[in-house]
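Everything on this sheet refers to the single structure shown next.
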Amino acid sequence: MGVMAMLMLPLLLLGISGLLFIYQEVSRLWSKSAVQNKVVVITDAISGLGKECARVFHTGGARLVLCGKNWERLENLYDALISVADPSKQTFTPKLVLLDLSDISCVPDVAKEVLDCYGCVDILINNASVKVKGPAHKISLELDKKIMDANYFGPITLTKALLPNMISRRTGQIVLVNNIQGKFGIPFRTTYAASKHAALGFFDCLRAEVEEYDVVISTVSPTFIRSYHVYPEQGNWEASIWKFFFRKLTYGVHPVEVAEEVMRTVRRKKQEVFMANPIPKAAVYVRTFFPEFFFAVVACGVKEKLNVPEEG
């Protein structure tokens with residue numbers, strides 16, 4: 001009996017591995033078929049995440065509209081997508097559009113250009129984001145406004161311009177790529193956190209408003225999107241609570257991971273996704289249920305940072 005059990009265990013593990021592999025392949029193929037022939041608008045397509053989203057959706061057969069504020073980099077992305085396209089699969093030539101979301105005045109014209117080209121937008125991926133870091137009293141009000149324009153007013157202006165088309169057709173999906181700081185703020189990122197809070201609040205409200213029209217609102221919130229070749233250092237309990245907590249908090253996710261999650265979010269029409277390891281996820285709950293403890297940890301970290309002598 002013992003010998004039979006020992007023989008069955010490897011077979012069982014092999015069977016489970018095979019089923020998982022089949023599930024992943026079916027899920028991947030299903031994800032791609034979900035966007036076949038769909039008109040997909042991606043803002044800030046020339047960023048790391050934007051490029052990966054463009055690759056994933058282009059491979060899936062979407063009719064891409066790639067937006068960015070640098071024409072040369074848009075053309076480079078266009079060439080990269082065309083060069084790796086599989087001739088055996090149906091893909092569409094991407095449309096390139098110059099768009100700087102911090103310049104809100106140009107957004108309506110861009111929306112009109114897109115609608116004139118394809119007649120509709122099936123999926124809008126609000127990916128553009130501008131970051132700033134520094135003490136609140138040292139950041140100018142002008143910069144505050146610029147960050148709010150790029151991270152809040154820009155995306156909602158484009159959304160409002162394209163939304164009536166989705167409502168009239170009673171179909172569509174809007175994806176906001178947000179950030180953990182839409183959930184709670186981190187010191188020295190006041191303006192950035194405020195813009196992310198505002199964007200999340202807007203799209204949470206919009207979700208309820210457009211549900212009756214079968215328009216789906218999705219938010220994907222990673223911790224931070226790291227660059228391709230940067231990996232976080234290991235944390236340990238020997239350091240202070242602040243260092244351990246926020247080193248873990250700032251563990252970023254790779255652009256490829258986020259792009260694949262955006263695709264899954266579109267396919268499954270998920271309303272909210274929070275991409276983070278257990279430490280940041282726990283921080284969200286600590287902020288909600290034990291705010292005084294959370295604020296104490298954050299304040300401790302600020303004091304510690306201020307007491308460290310600057311280099312040079």
Problem - Linked, directly or transitively: Leu96 and Leu77 (ILVMFWY side chains, under 4.5 Å) - result: yes

Are the side chains of [X] and [Y] in touch, meaning some heavy atoms are under 4.5 Å apart?
| X | Y | result |
| --- | --- | --- |
| Leu81 | Arg55 | yes |
| Thr91 | Thr59 | no |
| Phe294 | Thr288 | no |
| Arg207 | Gln271 | yes |
| Ile82 | Pro94 | yes |
| Leu124 | Leu163 | no |
| Phe92 | Gln36 | yes |
| Val262 | Phe57 | yes |

Locate the shortest heavy-atom distance separating [X] from [Y]; write the atom from each residue and the value.
| X | Y | value |
| --- | --- | --- |
| Val266 | Gln173 | O-OE1, 3.2 Å |
| Thr223 | Ala276 | CG2-CB, 3.5 Å |
| Ala136 | Thr190 | CB-OG1, 3.7 Å |
| Tyr118 | Leu64 | OH-O, 4.1 Å |
| Met166 | Asp122 | CE-O, 3.9 Å |
| Asn178 | Ser221 | CB-OG, 3.6 Å |

Practice task
Apply the test salt bridge (charged side-chain N to carboxylate O under 4.0 Å, His left out) to residues Lys160 and Glu209: give CA-CA distance (whole Å), side-chain angles for both, the deciding distance (0.1 Å), then the verdict.
Solution key: CA-CA 13 Å; Lys160 287 186 174 186; Glu209 293 182 19; over 6 Å; no

Exercise for the section: Establish, from distance only, whether the side-chain atoms of Ser129 and Asn179 form a donor-acceptor pair under 3.5 Å. Expected result: no

Short side-chain to backbone donor-acceptor contact, [X] and [Y], under 3.5 Å:
| X | Y | value |
| --- | --- | --- |
| Asp44 | Gly50 | no |
| Ser195 | Ile147 | no |
| Thr43 | Asn127 | yes |
| Asp214 | Thr171 | no |
| Arg63 | Val121 | no |
| Arg73 | Ile46 | yes |

Practice task
Assess whether atom CD of Gln90 is packed by more than 12 heavy atoms of other residues, nucleotides or ligands within 6.0 Å.
Solution key: yes

Problem - Sequence neighbours excluded, every pair satisfying salt bridge (Lys or Arg N to Asp or Glu O under 4.0 Å) that has a member inside residues 141-158 - result: none

Problem - Residue list, side chain to side chain contact (heavy atoms under 4.5 Å, CB included) with Lys112, at least two apart or on another chain - result: Asp116

Exercise for the section: To the nearest 0.5 Å, tell me how far Met275 CE sits from Lys281 NZ. Expected result: 9.0 Å

Problem - Qualifying residues under side chain to side chain donor-acceptor pair (under 3.5 Å), relative to Glu257, sequence neighbours excluded - result: none

Exercise for the section: Would you mind telling me which of Leu66, Val97, Leu99 makes a side-chain contact (heavy atoms from CB on, under 4.5 Å) with Leu74? Expected result: Leu66

